**Student:** 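My structure is below; once you've seen it, I'll send some questions.
All of these numbers come straight from a predicted model, not from anything done at the bench. Just so it is clear: chains get the letters A, B, ... in the order the sequence lines come, proteins before strands, and each one is counted from 1.
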2 protein chains.
Amino acid sequence: MPATIKDIAKAAQVSRSTVSRVLNDSGYVKEETRTRVLAVIEELNYSPSAIARSLSNKRSNTIGVIVPDINNPFFAEMIKGVTRVADKEGYRLLLVDSDENNEKEQLALQAFQEQRIEGLLIVATPAKEKKSLEHLRWMRAHHIPIVLLDGHVKYDEFDGVFIDHYQGAHDATIALVQAGHKRIGILTGKLSSRPAMERLRGFQDAMTECGLVSYDEDILFGDYGHEKAYHLTKEMLTRKKRPSALFVSSNQMVLGMMRAVSELRMKIPQDLAFIGFDQLETLNLIGMNCSTVDAHTVEVGELAMKRLIQRLENEKLETAHTVLRPDLSLRGSEANLK
Amino acid sequence: MPATIKDIAKAAQVSRSTVSRVLNDSGYVKEETRTRVLAVIEELNYSPSAIARSLSNKRSNTIGVIVPDINNPFFAEMIKGVTRVADKEGYRLLLVDSDENNEKEQLALQAFQEQRIEGLLIVATPAKEKKSLEHLRWMRAHHIPIVLLDGHVKYDEFDGVFIDHYQGAHDATIALVQAGHKRIGILTGKLSSRPAMERLRGFQDAMTECGLVSYDEDILFGDYGHEKAYHLTKEMLTRKKRPSALFVSSNQMVLGMMRAVSELRMKIPQDLAFIGFDQLETLNLIGMNCSTVDAHTVEVGELAMKRLIQRLENEKLETAHTVLRPDLSLRGSEANLK
DNA sequence: CGGTGTTGTGGGACCGGTCCCATAATTATA
DNA sequence: TATAATTATGGGACCGGTCCCACAACACCG
């Protein structure tokens, strides 16, 4: 068993109170005593129990984080941002990968409650389960602040840091038009997802503004996964009349699209130009030059964590939503080379 | 403040002991009493404090995990494996991304100690700092079992689950030879890294076994990063006499290599064939068909966590090293099309 | 009917800290 | 030099659980 504060007290011939004072340097301690205590601590390699401390302080210093999939770099980057701030501010993270599974999310919330987390971060949309929503409301009612990262509008009763999907899609579409494309399509995610809807709207509005028509058959509804995107693109590319450019709603979908293009022995951007959402670092590293809408994911994480800390310090804040505008990175795949 | 066991006891008109018995269903409790207590628990939405429990039990149920970089899928997958087992067995993970930074690793170990972790997992090589090693030894001496995941041989005094880099490189090289290549090179990582050394040895032995010479200038020493790999490959490809195939030691290096090939307007595998280490899911998804040595990373995570649990249950086990043999996935990039 | 189990419940110490309050020692002030 | 203020330390309650032990209630058995 590790040494306790009692052991230190005995060895240094002082009371536990004095040791505690030295540890937290609070209150008065004679210099001589302090050095003696510190020496003993060093000697016995003592480290105070965070557990006991938490119990006494009624502060766990822990933040719960729920992510749909840590392997997705889009989310992993947000976590990086969260971690950075949490480290600096002395908070510990309890990270749970929910696998987009309602049950797992429920269990996580339960575990978080037992751990007495002080705050909660939820990346992307929380489960739509009524039970989950109730749980979240219950937490908030019990002074556990919650901040959403790029979540669903349905939950805008909570604080959140969002990405401006509308604007991102809008900018991308304009860029395609400026590159000289007349007929432009979109490869988009599930309609049930708020970001997908926003992107679609951004796309459509931009088209209208530019005086272009967006044909219904050029709106390809996928599910954010690469497989569906592959089939949709392949089908689309075999049509006689078809778009010369595509706005692609997620990095996974870009992959499926590229596979379709490559299987049909076509070329980007000659046969099909595109701009994607999210970074595609891997592809750019091998020199494929994919133009993208870069969401500032790391920053989302940082801002969310900072916001949470503000809440922790001052419970009486107005609910606030921060919206980050993505930047366009044009690298060539949007060109019109006809 | 959340309800405590005392509140439940009062509301149900029993003692704390009885409530505790109901919660852990240990000891005798009359059925009638049990249901009454459970009703109150439900009503007050009570959840026992893991913190208080830990203090009393002297069990934190927490495992510390140190990873060099969560964003690297190679490591992220191991974490997936670890998580899966930990979840099932009721352990909590304290995950720290060390950024391959000694100081951060030290701080993490310190924090882990305060959290009274019951076991420690270290992904890839722990910091070479003498201080870290001492810390690890100290932990082990204090009954905190440690399991290394794909770590450095220097630390084989600890339990570990490793990937057979030697065998992987060996198999890959043989495959290149069988594909018809005569002159084969290797793009390898830092020599200070044990995996890099192992891969190099596997490569060289395979060459010798096949009766082929490996020229010194065909051994390209990188640092696992894509940038260095890019330059090395580019230089190599401009030589008059050069390998027709490469064994590439990491997925990052493959990226650099491919950029070099693409910039020189060369083709894979016509101008340069290769087999890489680690999966390259992204590239395969877009139909680039990269042959790779697949290490079973998820399994490494699972086995490591299982091993740790064994240790937790029985401290008196012999130190054991599990070595997993990777599998070869040939997808075309190794072909000899001259 | 009294002894012996088996069930069911409560009391209190303990886990390892923090912190308030009392008191002791030292220094400043009148 | 007595008194007040400041500095230094210790004692004990408390945080929210667990668990051992004592004891009460009830059944069974000879």
**Student:** Starting from P on D/dA8, measure out to NZ on A/Lys30 and report it in whole angstrom.
**Tutor:** 8 Å

**Student:** Respond yes when some side-chain nitrogen or oxygen of B/Thr33 is under 4.0 Å from OP1 or OP2 of C/dT9, and no when none is.
**Tutor:**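 For C/dT9, OP1 or OP2 has a side-chain N or O of B/Thr33 closer than 4.0 Å.
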
**Student:** Taking atom P of C/dC20 as reference, at what distance in whole Å does atom CG of A/Asn57 sit?
**Tutor:**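 Whole-Å distance recorded here is 11 Å.
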
**Student:** Please state how far atom CD1 in A/Ile8 lies from atom P in C/dT18, giving the value in whole angstrom units.
**Tutor:**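 Rounded to whole Å, this separation is 12 Å.
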
**Student:** Examine D/dA8: is either OP1 or OP2 under 4.0 Å from a nitrogen or oxygen in the side chain of A/Tyr28? Give yes or no.
**Tutor:**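 For D/dA8, OP1/OP2 do not have a side-chain N/O of A/Tyr28 under 4.0 Å.
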
**Student:** Could you go through nucleotides 22-25 of chain C and list every protein N or O atom that sits under 3.5 Å from one of its N or O atoms, giving the distance for each pair?
**Tutor:**
none

**Student:** Reading DNA chain C from 5' onward, which residue's closest nucleotide shows up sooner: A/Leu23 or B/Ser56?
**Tutor:** B/Ser56

**Student:** Are OP1 or OP2 of C/dT7 and a side-chain N or O of B/Arg21 less than 4.0 angstrom apart?
**Tutor:**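 The answer is no; no side-chain N or O of B/Arg21 sits under 4.0 Å from OP1 or OP2.
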
**Student:** If you compare every side-chain N and O of A/Thr4 against the phosphate oxygens of C/dG16 (OP1, OP2), does one of them come in below 4.0 Å?
**Tutor:**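 For C/dG16, OP1/OP2 do not have a side-chain N/O of A/Thr4 under 4.0 Å.
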
**Student:** Within this structure, what is the CD-to-P distance between A/Glu32 and D/dT7, rounded to whole angstrom?
**Tutor:** 17 Å

**Student:** Name the nucleic acid region contacted by A/Arg116, choosing base, sugar-phosphate or nothing; use a 4.0 angstrom heavy-atom cut-off, strictly under.
**Tutor:** sugar-phosphate

**Student:** Output the rounded distance in Å from CD (B/Glu114) to C1' (C/dG16).
**Tutor:**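 One finds 13 Å between C1' of C/dG16 and CD of B/Glu114, rounded.
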
**Student:** Do the side-chain N or O atoms of A/Arg53 get closer than 4.0 angstrom to the phosphate oxygens (OP1, OP2) of C/dT18?
**Tutor:**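 Indeed, a polar side-chain atom of A/Arg53 lies that close.
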
